[in-house]
Amino acid sequence: MDEIRIAGGTPLRGTVSIQGSKNAALPMMAAALLCRGVSVLRSCPGIADVFCMEKILQELGAFTWWDGDDLYMDCTLADKTEIPGRYTEKMRSSVILLGAMLGRNGRGRLGYPGGCVIGKRPVDLHLETLRRLGAEVFEEKCLIRASAKKLRAARIVFPRRSVGATEQGILAAVLAEGETCLENCAEEPEISWLCRYLRGMGAEITGEGSGRIRIRGVERLSGGDMKVPPDRIVAGTYICAGAATRGRIRLKNPPLEELTAFLEVYRKIGGQYKVKSGTLIADSTGVSVPADEVRTEVYPGFPTDLQSPLLAVLATIPGESRIRETIFEDRFKTVPELNRMGARITVKDGEALIRGGYPLTGCTVRARELRGGAALVVAALAAEGITTVEGYSFIERGYEQIGRDLRDLGGRVWR
Ligand code: UD1
């Protein structure tokens, strides 16, 4: 059954390890395509999006295998250049493979990218970036086609910050001729992890984590080998689960620095945290203060991916809270489902007004996208009675074992 059940009302207590990051692993898997050899991703999360990316690499001719949590990708023979729509419609980030295919073989075709239904999500910046690097790009009805005899370095100023388009530019430029300068880049940590991975493969990149990234093209890359960093969004989700139930939880291997903006909000609503022997202890027993205005922002601001889980927390705090979404125009799809559980949230002009403190009650709700699904699980943990969250497959895209992890924290969760 594509659902997860939660008996709520118990404060979470216990320790949980944070899985590897989805948004770091996926572009690193795309990077593996740039080398005719074997690349490894250690502690790679076993989530649906990673399995989908693995299938795509296989479709292109790669051999892949797992040794425990380590994913091996032998891309020696991965010279096919077409990715069928059945994969790309499932996962938007597959579009970054276009830059990698161009870098490797000078051409690529893929079905139009899909992914979470959280707004328009165009790919214009991706395609324009590839054009600026010398590719010819054609958009057909359900297909994107690109080719280039040889990609050439360029100076590209992104008109808006985009994580995916920055990654696309990096992946396409590492094997291009000359020195590329990308400006107004997104500064998300996952971009820095991609650059580190590529540098380990022999790429020459500087400036990641800032708005200006320089890439000097090299002739070839060797295999990459790195541990996938812990997932900041999963860590934030579990802290939200602790907060919604007024629990006290400990996170092993927390990506502390990457959580700064989130932890600032957590502290404002009454959460307390400390770092002890490399673990983060998040004590939510004092969570009680509404948030006057949280705004989602590009990194290092408050992450849009944690907006929905935070909504669920704020629904449990008496008083009025507000969250403004500035990254994706349609990312409040979970609100009607939260309201079915008893929350009182209204959305107007990109802002959610949460009248918190009304009791949440278990019922059947439906996840329609990944982080919204996680938010329903958070709300269910705080609700009286049993909640069935349908659409579990959305949650599985990014959370390896949300049921097991929450059970480790004392949650009553089963599939
Ligand atoms: C990535 C993350 C996603 C996160 C988002 C913002 C991955 C796999 N996904 O998504 O979890 O929510 O960053 O932190 O890493 N845009 C355009 N044209 C484009 C590309 C983007 O207009 O060609 C717009 C988008 O519609 C959106 C904004 O730019 O409004 C930011 O999107 P972007 O940073 O590209 O997000 P993703 O890379 O899709």
Side-chain angles (χ1 to χ4, degrees), residues 20-31 45 47-50 52-53 56 88 90-99 112-132 137 139 144 146 156 158-172 182 184-195 197 211 228-229 231-237 258-259 261-262 295-310 324-334 350 369-375 394-395 397-399:
S21 158
K22 162 175 105 63
N23 290 355
L26 294 174
M28 287 161 144
M29 291 176 77
I47 50 177
D49 274 15
V50 161
C52 179
M53 194 64 131
I56 295 176
T88 55
K90 272 198 209 143
M91 195 179 59
R92 179 186 157 78
S93 51
S94 52
V95 70
I96 55 174
L97 286 163
L98 197 54
Y112 230 89
C116 283
V117 280
I118 53 178
K120 279 198 223 103
R121 310 197 85 182
V123 288
D124 55 327
L125 299 176
H126 290 254
L127 304 190
E128 188 52 30
T129 302
L130 296 175
R131 288 191 182 104
R132 296 296 310 281
V137 183
E139 285 180 86
I144 302 172
I156 300 170
F158 292 110
R160 304 184 289 287
R161 290 194 175 199
S162 155
V163 176
T166 304
E167 291 166 350
Q168 183 79 269
I170 294 167
L171 287 163
L182 304 177
N184 197 28
C185 294
E187 298 177 10
E188 266 67 1
E190 293 75 22
I191 292 169
S192 301
W193 291 110
L194 169 65
C195 291
Y197 194 57
V228 178
D231 194 308
R232 62 193 172 105
I233 306 304
V234 171
T237 305
E258 300 177 2
L259 283 168
F262 170 78
R295 280 173 72 88
T296 62
E297 306 270 7
V298 294
Y299 191 82
F302 188 92
T304 172
D305 285 355
L306 285 173
Q307 178 255 101
S308 305
L310 182 68
R324 176 162 289 284
E325 172 59 52
T326 73
I327 309 290
F328 294 108
E329 76 278 11
D330 196 12
R331 212 175 193 178
F332 288 119
K333 282 219 161 67
T334 312
E369 40 92 11
L370 165 60
R371 306 300 171 190
F394 287 108
I395 300 173
R397 291 186 52 195
Y399 297 81

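Read the numbers this way: they start at 1 and go in the same order the structure lists the ligands and their atoms. Residue indices begin at 1 and follow the sequence shown.
Here's the thing with Ile327: one of its N/O atoms is less than 3.5 angstrom from an N/O atom of ligand 1. Residue Arg161 places no N or O, backbone or side chain, under 3.5 Å from any N or O of ligand 1. Residue-to-ligand polar distances keep Leu26 apart from ligand 1: every N/O pair is separated by 3.5 Å or more. On a distance-only criterion, Ser162 and ligand 1 share at least one N/O pair closer than 3.5 Å. An N or O contact shorter than 3.5 Å is missing between Glu167 and ligand 1 by distance.
Here Thr129 contributes atom OG1 and Leu98 contributes atom CG; the two are 11.0 Å apart, rounded to the nearest 0.5 Å. Between the CE atom in Met29 and the OG atom in Ser94 there is a gap of 12.0 Å [rounded to 0.5 Å]. Summarising the geometry, atom CZ belonging to Arg92 is positioned 5.0 Å from atom NE2 belonging to His126; distances are rounded to the nearest 0.5 Å.
Under 4.0 Å from ligand 1, heavy atoms of Leu125 appear from its side chain as well as its backbone. The side chain of Arg92, and not its backbone, has at least one atom closer than 4.0 Å to an atom of ligand 1 (non-hydrogen atoms only; side chain from C-beta on). Of all the heavy atoms of Ser93, the ones lying under 4.0 Å from any atom of ligand 1 belong exclusively to the side chain. Under 4.0 angstrom from ligand 1, the non-hydrogen atoms of Thr304 all belong to its side chain. When non-hydrogen atoms are compared, ligand 1 lies under 4.0 Å from the side chain of Arg160 (C-beta onward) but not from its backbone.
In terms of modelled atom types and a separation under 3.5 Å, the side chain of Glu325 and the main chain of Ile327 share a donor-acceptor contact. Counting only distance, with no hydrogens or angles, the side chain of Asn184 and the backbone of Phe158 share a donor-acceptor pair below 3.5 Å. Remark: side-chain polar atoms of Thr296 are paired, donor with acceptor, to backbone N or O of Thr326 under 3.5 angstrom.
Within the structure, the closest approach of Ala165 to ligand 1 does not fall below 4.0 Å when heavy atoms are considered. A heavy-atom separation below 4.0 Å is found between Arg331 and ligand 1. Not a single heavy atom of Glu190 lies less than 4.0 angstrom from ligand 1.
Per-residue contacts place Pro122 under 4.0 angstrom from the following atoms of ligand 1 (heavy atoms of the residue considered): 17 (C), 18 (N), 19 (C), 20 (C), 21 (C), 22 (O), 23 (O), 26 (O). Atoms of ligand 1 lying under 4.0 Å from at least one heavy atom of His126, given by number and element, are 20 (C), 23 (O). For ligand 1, the atoms closer than 4.0 angstrom to any heavy atom of Gly164 are 35 (O), 38 (O).
By heavy-atom distance, the residue among Leu194, Asn23, Thr326 lying nearest atom 15 (O) of ligand 1 is Asn23. The option from Thr166, Leu370, Val163 that lies nearest to atom 13 (O) of ligand 1, judged by heavy atoms, is Val163.
Side chain to side chain, Arg371 and Tyr399 meet the donor-acceptor criterion of an N or O pair below 3.5 Å.
With sequence neighbours left out, the salt bridge (charged side-chain N to carboxylate O under 4.0 Å, His left out) criterion links Glu139 to no other residue.
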Is there a side-chain contact (heavy atoms from CB on, under 4.5 Å) between Met91 and Leu26? Walk through the geometry before answering. CA-CA 10 Å; Met91 195 179 59; Leu26 294 174; 4.2 Å; yes
Go through the steps for Val95 and Thr88 under the test side-chain contact (heavy atoms from CB on, under 4.5 Å), then give the verdict. CA-CA 7 Å; Val95 70; Thr88 55; over 6 Å; no
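Side-chain contact between Glu190 and Glu167 is present, with at least one heavy-atom pair separated by less than 4.5 Å.
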